[in-house]
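Okay, so here's the structure we're looking at.
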Protein chains: 2
Amino acid sequence: MQHWFVDRVPDPMATWLEAFPAAKMLRREDIQSLALEANGIIWFRLHSGEVADSALSSVRIKGGQLVVVLADEPDDALVTSALSFGASGCCNTHAAPEVLRQVALVVENGGLWVGQHLLQQLLGTTSRALKTGRREPRVDWSLLLSEREVQVARLVAGGASNKEIAMQLTITERTVKAHLSAVFEKLDLRDRLQLSLRVNGVRA
Amino acid sequence: MQHWFVDRVPDPMATWLEAFPAAKMLRREDIQSLALEANGIIWFRLHSGEVADSALSSVRIKGGQLVVVLADEPDDALVTSALSFGASGCCNTHAAPEVLRQVALVVENGGLWVGQHLLQQLLGTTSRALKTGRREPRVDWSLLLSEREVQVARLVAGGASNKEIAMQLTITERTVKAHLSAVFEKLDLRDRLQLSLRVNGVRA
DNA sequence: TAACCTATTGGACCAAGGTACAACCCGGTA
DNA sequence: TACCGGGTTGTACCTTGGTCCAATAGGTTA
């Protein structure tokens with residue numbers, strides 16, 4: 001699964017790369033000329049003030065191509081217009097890496113990703129689940145760790161080996177182990193696979 | 001995150017345990033007396049012919065308690081009534097373990113899980129993403145493996161060690177390794193963490 | 001029947017993951 | 001100043017994961 005991030009500027013958000021290290025950046029003007037395989041997700045960023053229609057019209061959504069809109073200021077109107085244009089979802093530009101992975105998970109399985117507020121509107125019900133205020137099931141792990149430990153944890157969760165992490169962060173493999181030991185201790189996990197499940201939200 | 005499966009019968013579906021090995025089974029009559037912590041998901045099974053209202057009325061959805069309905073024969077009416085009753089989603093009783101994990105992922109993050117058909121109805125749009133017929137992005141891994149290899153792969157993906165898998169399947173740890181080597185070979189993966197990402201759909 | 005796939009196991013072996021104990025540097029704080 | 005936490009690294013050691021080569025056995029298919 002390849003990920004392309006399309007923006008007006010060539011620099012990706014740090015969170016995007018954290019979510020998908022292998023992702024590629026594209027300028028909007030480049031997207032036309034490039035032949036993208038169908039097997040991937042295009043993340044199309046909409047800056048503040050932009051509307052979905054005019055910006056997205058430059059993208060030819062070919063058969064099966066999945067598009068997710070990253071909105072600086074998402075609202076229901078923007079989401080619906082994005083969906084009606086053929087996008088598979090819409091989320092916040094500054095969403096955390098875990099959220100982006102979750103969105104990708106849903107989208108690549110043929111699902112649509114819409115915000116809760118919109119769903120509530122659409123359903124028109126007094127769904128309790130929408131009102132229980134469960135906003136923070138993920139208060140957890142990243143808050144318990146130091147900044148460096150979070151970096152290591154995310155890379156591990158993405159499948160990287162200690163050696164790869166060491167190179168990426170330009171530190172010793174030994175230091176990676178030290179951070180990981182601290183992470184395991186703090187989160188009460190026994191190995192990197194458990195950590196991956198925790199970070200990726202697959203807790204069983 | 002604890003999972004409880006509530007059914008009229010005490011025997012869980014095999015897929016449920018594959019998805020959440022640590023899940024607990026409950027009879028419907030037992031659910032009242034049991035004090036369930038808020039930190040978990042209740043999977044409530046509706047058999048063929050049952051309607052959400054009458055069956056679900058036995059469940060007291062306390063503050064923050066997450067409920068997902070497992071329907072033998074889901075339809076839009078059932079889903080909407082389940083949601084309006086306070087459930088966070090509704091999916092098929094016989095859904096694959098990966099789908100169940102995905103549903104859990106969405107729900108525990110405060111999302112709602114609804115079928116695509118319903119979403120299409122609700123949106124009333126001609127969303128292309130809903131019509132591209134992308135039903136099988138996951139044609140992949142399980143079809144490439146033998147039955148035994150699939151079992152091992154799922155347990156690995158859930159975070160189990162070789163020793164644990166060996167005990168669970170009552171085979172030697174050596175045999176587990178053999179199966180895993182075969183799995184890695186067939187799926188072109190390098191280690192168990194990559195396998196976990198693949199099975200759990202976290203491919204970056 | 002021969003060929004083939006799957007499941008199973010053994011032994012040897014190497015690589016990677018993880019722990020224990022200890023040390024250094026640095027910035028903030030009591 | 002002394003203390004503490006975070007980041008860094010080292011040595012040594014143990015455990016787990018994974019591979020290679022090899023073998024047995026049951027079932028299916030050409």
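The structure presented is a predicted model; accordingly, all values stated were derived computationally and were not measured.
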Side-chain donor/acceptor of [X] to backbone N/O of [Y], under 3.5 Å:
{"X": "Arg192(B)", "Y": "Ala160(B)", "value": "yes"}
{"X": "Asn200(A)", "Y": "Ala157(A)", "value": "yes"}
{"X": "Ser88(A)", "Y": "Val68(A)", "value": "no"}

Can you check nucleotides 26-29 of chain D for protein contacts, nitrogen or oxygen pairs under 3.5 Å, and list what you find?
none

Would you list the protein and nucleotides 11-13 of chain D atom pairs, both N or O, that sit under 3.5 Å from each other?
| residue | atom | partner | partner atom | Å |
| --- | --- | --- | --- | --- |
| dT11(D) | O4 | Arg174(A) | NE | 2.9 |

Let me know the distance between [atom1] of [X] and [atom2] of [N], rounded to the nearest Å.
{"X": "Gln151(A)", "N": "dG6(D)", "atom1": "CD", "atom2": "P", "value": "15 Å"}
{"X": "Phe184(B)", "N": "dT19(D)", "atom1": "CZ", "atom2": "C1'", "value": "11 Å"}
{"X": "Leu180(B)", "N": "dC20(D)", "atom1": "CG", "atom2": "P", "value": "14 Å"}
{"X": "His179(B)", "N": "dG18(D)", "atom1": "NE2", "atom2": "P", "value": "15 Å"}
{"X": "Leu189(B)", "N": "dG17(D)", "atom1": "CG", "atom2": "C1'", "value": "15 Å"}
{"X": "Leu144(A)", "N": "dG5(D)", "atom1": "CG", "atom2": "C1'", "value": "16 Å"}

- Item | Selection residues 149-162 of chain B - residue pairs positive for salt bridge (charged side-chain N to carboxylate O under 4.0 Å, His left out), sequence neighbours left out |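 As it turns out, the salt bridge (charged side-chain N to carboxylate O under 4.0 Å, His left out) pairs with a partner in residues 149-162 of chain B, which skip direct neighbours, are Glu18(B)-Arg154(B), Glu98(B)-Arg154(B), Glu149(B)-Lys186(B).
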With sequence neighbours left out, what residues match [X] under side-chain hydrogen bond (donor to acceptor under 3.5 Å, both in side chains)?
{"X": "Gln168(B)", "answer": "none"}
{"X": "Thr170(A)", "answer": "none"}
{"X": "Arg174(B)", "answer": "none"}
{"X": "Thr175(A)", "answer": "none"}

- Item | From CD (Gln194(B)) to CZ (Arg198(B)), nearest 0.5 Å |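 Answer for the CD-CZ pair, Gln194(B) versus Arg198(B), is 10.5 Å.
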- Task: Nearest 0.5 Å please: distance from the CG atom of Leu169(B) over to the CD1 atom of Ile165(B).
- Result: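 Here the rounded value is 7.0 Å.
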N or O in side chain of [X] less than 4.0 angstrom from [N] OP1/OP2:
{"X": "Arg148(A)", "N": "dT8(D)", "answer": "yes"}
{"X": "Thr172(A)", "N": "dT9(D)", "answer": "yes"}
{"X": "Arg192(B)", "N": "dG17(D)", "answer": "yes"}

- Check the pair Arg8(B) / Glu50(B) against side-chain contact (heavy atoms from CB on, under 4.5 Å), numbers first and verdict last. CA-CA 12 Å; Arg8(B) 296 196 302 201; Glu50(B) 285 187 300; 3.5 Å; yes
- Query: Looking at Glu185(B) and Arg190(B), does any basic side-chain N land under 4.0 Å from a carboxylate oxygen?
  - Reply: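 The answer is no: the pair does not qualify as a salt bridge.
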- Listed partners of Arg45(B) passing salt bridge (charged side-chain N to carboxylate O under 4.0 Å, His left out), at least two apart: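 Asp7(B), Asp72(B).
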- Message: Just to verify, what does Phe5(B) make a ring pair (Phe, Tyr, Trp, His ring centres under 6.0 Å) with, not counting sequence neighbours?
- Response: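 Only Trp16(B), Trp43(B) meet the ring pair (Phe, Tyr, Trp, His ring centres under 6.0 Å) criterion with Phe5(B).
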- Which angle, to the nearest 10 degrees, lies between the helix axes at the two ends of the helix from dT1(C)-dA30(D) to dA30(C)-dT1(D), each defined by five pairs?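 If I round to tens, the end axes sit 30° apart.
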- List in numerical order all residues of residues 160-171 of chain A for which some heavy atom is under 4.0 Å away from an atom belonging to DNA chain D.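 Contacts with DNA chain D under 4.0 Å: Ile171(A).
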- Task: Report the C-alpha distance between Leu187(A) and Leu145(A) in whole Å, list the side-chain angles of each, state the deciding distance to 0.1 Å, and finish with yes or no for side-chain contact (heavy atoms from CB on, under 4.5 Å).
- Result: CA-CA 9 Å; Leu187(A) 300 183; Leu145(A) 307 180; 4.1 Å; yes
Could you check whether [X] gets within reach of a base, just the sugar-phosphate, or nothing at all, counting any heavy atom under 4.0 Å?
{"X": "Thr175(B)", "answer": "base"}
{"X": "Ser181(B)", "answer": "base"}
{"X": "Ala182(B)", "answer": "nothing"}

- Message: For Pro12(A) versus Met25(A), what's the shortest heavy-atom pair and its separation?
- Response: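 Result for this residue pair: CB-SD, 3.3 Å.
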- Message: Looking at every heavy atom in both Leu197(B) and Ser196(A), which two are closest together, and how far apart are they?
- Response: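 Smallest interatomic distance, heavy atoms only, reads CD2-OG, 3.8 Å.
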- Query: For DNA chain C, which nucleotides open and close the run of contacts to chain B, 5' to 3', at under 4.0 angstrom from a non-hydrogen atom?
  - Reply: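 Range of nucleotides within reach of chain B: dT6(C) to dG11(C).
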